[in-house]
2 protein chains.
Amino acid sequence: MSLRNALFALLVVEPMTGYDLHKQFVSSVGHVWHAPDSQIYPELKRMESEGLLEGEEIPWGSRGKKRQYHVTEEGKAAFRNWMDTPLEYARTRDPAHLKAAYMEWADPDAARAQLRAHIEHHTGLLGQWREKVKEIEDGSSAMLNRRLANSPKADREKINAYKVYTYEGLMSQAEAEIIWARRGLKLIDRLNG
Amino acid sequence: MSLRNALFALLVVEPMTGYDLHKQFVSSVGHVWHAPDSQIYPELKRMESEGLLEGEEIPWGSRGKKRQYHVTEEGKAAFRNWMDTPLEYARTRDPAHLKAAYMEWADPDAARAQLRAHIEHHTGLLGQWREKVKEIEDGSSAMLNRRLANSPKADREKINAYKVYTYEGLMSQAEAEIIWARRGLKLIDRLNG
DNA sequence: CACCACTAACTATGTCGATAGGTAGTTTGC
DNA sequence: GCAAACTACCTATCGACATAGTTAGTGGTG
């Protein structure tokens, strides 16, 4: 159900094609919800058939065409409804911590490599997110600027603030992972004297 | 593939039935990897057919019977191989942060309720994990004691240390989420002052 | 004008996981 | 002595995701 609402979040800003949405899933929303295009296209059709979206054929070049979707009132209501409904929490499935719990089975060097990869992975994410926050703060994000332009003035501060707030949350997750993995490296050293 | 390795992690300690494993997935391993019994039973069969496990019919009561699985050498090799192979990181799918990113669409009170639920959820987990760490530290966990008894003396310190280390990682994740959600509550107040 | 990257959309297959059942025997407690 | 709870195992269905394709038109570069 979250894919659907990620699509809503993008489409309430401005009408888009499946391909446009797909690109957003690579960059912006992709940071909190990833989806391949093979999931996006069928979901758009389903949403249209349920009356939550409306698609419009628009020409592209001389012979080409594309389908642009916009959110109906019913769709907006569904999105707001999801926003106002508390989440159900999925039970954990965390391969990195699963592995860590049984690390005595690993070769110490492989375990070190694993933790170093964990650090690298989260350092990479951290870098990306810092960039994103910077973009928001100095207003250089095209998507966000369109979103701000299409929104009532009163909402603009909120839109920025919640975006930054979200990225800060992701960043503190990543920082926690990095600290944890560094402690793990020390632990491996200690246990393998 | 992680379900398979979670099963290995339990079965290398001692032979178990599907039902025993299922119970472990509710309590111990379930904290890092959840699985319903409807996934466990077929996976055990698959692993047996691949020669990674061997099942043995043992009587239970007068007419009942159960199937106890133990890991073959091939299975142990497969587990060690997984332990020594770096993880591939799945792209994020985080409904809580997805929602937070578009919180201007929510009713402020609903958003507050959401964040309070987030705090409660993670506070609950934190409590469970603190308990688990205590159990490990004062040696009152039955499963862990069997595992320690079946392990070479040299490994016992490692087994305990990696378990505690894992729970500490989970705990710092939960703490980060709680801090983030508290900041969110303040932010909502400020923006809707 | 050929080439290539990009835009646009879609399909097909397989696994994973959630959910919700069903059957049969066993043990415990009142 | 029987109901309830637990042990044990299994199936069936559905949606979510990953992966890997296919087809067709567009726009820019050498």
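Computed from a predicted model, the values in this text were never measured in an experiment. Convention: sequence-line order gives letters A, B, ...; per-chain numbering from 1.
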Could you tell me the separation between the CD atom of A:E56 and the C1' atom of C:dA8, rounded to a whole number of Å? 16 Å
Will you find, in the side chains of A:E177 and B:Q173, an N or O donor that is under 3.5 Å from an N or O acceptor? yes
Strictly by modelled atom types, are A:N192 and B:K158 linked by a side-chain donor-acceptor pair under 3.5 Å? yes
Does any pair with a residue in residues 13-41 of chain A pass salt bridge (Lys or Arg N to Asp or Glu O under 4.0 Å), and if so which ones, sequence neighbours excluded? A:E14-A:R146
Sequence neighbours excluded, which residues qualify as side-chain hydrogen bond (donor to acceptor under 3.5 Å, both in side chains) partners of A:N81? none
Residues passing the salt bridge (charged side-chain N to carboxylate O under 4.0 Å, His left out) test with B:D189, sequence neighbours excluded, are B:R112
In whole angstrom, what separates B:F25's CZ from C:dG17's C1'? 13 Å
Test your reading of the model: is there a side-chain donor-acceptor pair from A:D155 to the backbone of A:S151, 3.5 Å cut-off? no
Identify the heavy atoms of A:I40 and A:G18 that sit nearest to each other, and give their distance. CG2-O, 4.2 Å
What protein N or O atoms touch nucleotides 2-7 of chain C N or O atoms at under 3.5 angstrom, if any, and at what distances?
from  : atom 1 : to    : atom 2 : distance (Å)
C:dT7 : OP2    : A:Y19 : OH     : 3.1

Contact letters for nucleotides 12-20 of chain D, in which S counts primed atoms plus P, OP1 and OP2 and B counts the base, heavy atoms under 4.0 Å: B---SSSBB
Rounded distance (Å) that lies between atom C1' of C:dG17 and atom NE2 of B:H22: 15 Å
Report the distance from atom CG of B:L21 to atom P of D:dA8, rounded to the nearest whole Å. 11 Å
Separation of D:dA8 C1' from B:I40 CD1 (nearest whole Å): 12 Å
What's the verdict on ring-ring contact (aromatic ring centres under 6.0 Å, His included) for B:H97 and B:W180, showing C-alpha distance, side-chain angles and the deciding distance? CA-CA 10 Å; B:H97 282 74; B:W180 176 71; 4.0 Å; yes
For the pair made of CE in B:M16 and P in D:dC9, what is the distance, rounded to whole Å? 13 Å
What residues form a ring-ring contact (aromatic ring centres under 6.0 Å, His included) with B:H34, not counting sequence neighbours? none
Tell me: NZ of A:K65 to P of D:dT23, nearest whole Å? 18 Å
Atom OH of B:Y41 and atom P of C:dA24 are separated, to the nearest Å, by 16 Å
